[in-house]
Peer 1: 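I'd like to ask you about the structure that follows.
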Number of protein chains: 2
Amino acid sequence: MNTIEVCLTHELIHHHELKGKIVVVTDVFRATSCIVSGLAKGVKAIKPVIEVEECLELQKQGYLAGGERHAQMIEGFDLDNSPFSYMETRSMGQKVAMTTTNGTLTINKSKEADEILAASFSNLSATASYLKNKGKDVLIVCAGWKGRPGLEDVLFGGALTLAMSDSHETEGDSTFLATAAYETAQSDLLSYLQRASHLKRLKKLGGKDIPYCLEIDLFDVVVKLNEESELVLAS
Amino acid sequence: MNTIEVCLTHELIHHHELKGKIVVVTDVFRATSCIVSGLAKGVKAIKPVIEVEECLELQKQGYLAGGERHAQMIEGFDLDNSPFSYMETRSMGQKVAMTTTNGTLTINKSKEADEILAASFSNLSATASYLKNKGKDVLIVCAGWKGRPGLEDVLFGGALTLAMSDSHETEGDSTFLATAAYETAQSDLLSYLQRASHLKRLKKLGGKDIPYCLEIDLFDVVVKLNEESELVLAS
């Protein structure tokens with residue numbers, strides 16, 4: 001039986017062997033929610049990058065520049081980090097160069113894996129089906145918040161692990177914590193998360209994003225990193 | 001109101017300001033369970049050190065050498081890492097130099113705190129009372145397993161946080177995860193932990209230690225690091 005494991009923050013990723021595995025990166029608030037929503041609605045590709053300057057460079061080559069620093073819009077950028085921006089008409093058919101504090105870092109740290117997916121609650125079941133068909137070991141890496149575990153990402157890790165329980169065996173104490181948390185939280189994710197440390201800050205920046213990012217199975221799409229290091233829909 | 005927070009592994013301790021706080025180090029399997037039991041029963045002091053060689057050097061000065069590497073007894077040592085060894089008659093009145101893979105490392109990383117306690121389920125309530133009287137912010141640092149979070153330590157973090165809820169406000173997503181896990185587990189800690197990743201290995205090494213380490217409030221003692229960097233009973 002294949003295994004599935006949750007890594008609570010990208011700062012702990014060095015404890016995991018990535019070769020031979022599929023890594024699922026999640027940054028629920030909000031990078032991977034933006035990515036899944038945008039690609040599902042018609043964005044052509046999203047290139048995750050570390051530096052703001054790299055985004056601005058790619059902007060000159062025709063990309064839209066998107067992302068945040070410390071949950072703030074960046075000067076000169078086209079898109080912020082709200083999933084709704086990624087679903088606007090002007091984004092359709094475009095490529096986006098995206099920088100985020102946590103999500104992009106996590107994707108870049110996962111490069112040794114056989115395959116990298118980006119996922120969020122919005123494509124939970126589609127991602128689970130895809131992984132079951134692949135028949136490989138899975139590591140879910142939570143982007144977290146400035147290197148610390150973030151409850152929303154851990155809950156997604158638990159949700160995906162539980163969705164895979166008929167094909168993948170759970171490994172590790174962190175995975176156990178994640179599934180236990182999701183089992184408690186699943187009846188009302190938003191209420192559960194209202195106790196999370198940085199939710200107050202995020203609320204100030206736009207109330208509708210948070211409940212949106214917690215909606216399950218809005219899209220029947222799978223997002224993967226292609227050979228050009230761009231996130232695209234998996235065929 | 002003062003705050004209380006759980007850090008899931010010593011590898012994430014750099015995210016926390018330690019100055020002005022009391023750090024509670026826990027390594028339930030088994031360093032802090034050994035330390036609390038030994039001191040409660042009459043061991044004079046326990047000096048936590050990183051290296052095996054340092055233990056052997058202190059042994060020449062009259063200390064007993066105790067501890068483990070990869071959960072194995074070390075050649076030339078007097079004590080292994082079973083709490084029962086620390087409660088034997090030959091340990092009474094003695095000083096012990098102790099090395100452990102995780103617990104000692106964690107204590108050494110906590111040096112900037114105002115005060116460092118070592119605690120385990122065996123002195124949960126005594127530790128909580130002491131902390132309430134001190135009126136300072138508290139950080140519980142889980143030793144974990146080779147840098148990864150260990151479920152038993154996280155559960156203790158949750159238990160201590162809940163025991164302090166009338167005097168200390170909970171901070172951080174990790175703390176929330178810990179208290180949620182303990183709330184689920186508390187009716188039967190052993191069964192809950194039997195699903196933990198490394199319990200199988202620990203079982204092989206001595207079955208009676210594990211249930212012992214999960215017993216709550218065996219001792220009404222508090223253990224703190226003194227100015228000579230030795231763990232002693234707090235007066």
Peer 1: Under 4.5 Å between any side-chain heavy atoms of A:L8 and B:R148, yes or no?
Peer 2: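 Counting from C-beta outward, A:L8 and B:R148 never come under 4.5 Å.
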
Peer 1: Any idea which of A:G147, A:A181, A:S174 has the most non-hydrogen atom pairs under 4.5 angstrom with chain B?
Peer 2: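 Looking at each of A:G147, A:A181, A:S174 in turn, A:G147 comes out on top.
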
Peer 1: Quick one: list whatever passes side-chain hydrogen bond (donor to acceptor under 3.5 Å, both in side chains) with B:T99, sequence neighbours left out.
Peer 2: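 In terms of side-chain hydrogen bond (donor to acceptor under 3.5 Å, both in side chains), with neighbours along the sequence ignored, B:T99 is linked to B:R69.
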
Peer 1: Give the intermediate values and the outcome of side chain to side chain contact (heavy atoms under 4.5 Å, CB included) for residues A:E183 and B:T184.
Peer 2: CA-CA 10 Å; A:E183 279 171 341; B:T184 308; over 6 Å; no

Peer 1: Taking only residues two or more places apart in sequence, or in another chain, which ones meet A:K136 in a salt bridge (charged side-chain N to carboxylate O under 4.0 Å, His left out)?
Peer 2: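 For A:K136, the residues satisfying salt bridge (charged side-chain N to carboxylate O under 4.0 Å, His left out) (neighbours in sequence not counted) are A:D114.
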
Peer 1: From A:L193 CG over to B:F176 CZ, what is the distance, rounded to the nearest 0.5 angstrom?
Peer 2: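 It comes to 8.0 Å.
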
Peer 1: So, do B:V154 and A:L177 sit near enough that their side-chain heavy atoms are less than 4.5 Å apart?
Peer 2: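 Side chain of B:V154 against side chain of A:L177, heavy atoms only: contact under 4.5 Å found.
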
Peer 1: Is atom CD of B:E112 surrounded by more than 12 heavy atoms (other residues, nucleotides or ligands) closer than 6.0 Å?
Peer 2: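 Atom CD in B:E112 is not crowded, with 12 or fewer foreign heavy atoms closer than 6.0 Å.
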
Peer 1: Hey, could you give me the OG1/CG distance between B:T175 and A:L151, rounded to the nearest 0.5 Å?
Peer 2: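 Taking OG1 in B:T175 and CG in A:L151, the distance rounds to 10.5 Å.
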
Peer 1: Can you list everything that forms a salt bridge (charged side-chain N to carboxylate O under 4.0 Å, His left out) with A:K111? Sequence neighbours excluded, please.
Peer 2: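 Checked A:K111 against salt bridge (charged side-chain N to carboxylate O under 4.0 Å, His left out); zero matches.
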
Peer 1: Listed by residue number, which members of residues 12-22 of chain A have a heavy atom under 4.5 Å from any heavy atom of chain B?
Peer 2: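 Answer by number: A:L12, A:H14, A:H15, A:H16.
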
Peer 1: Please check if atom CD in B:E53 has more than 12 non-hydrogen atoms from other residues, nucleotides or ligands closer than 6.0 Å.
Peer 2: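 Correct, the count exceeds 12.
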
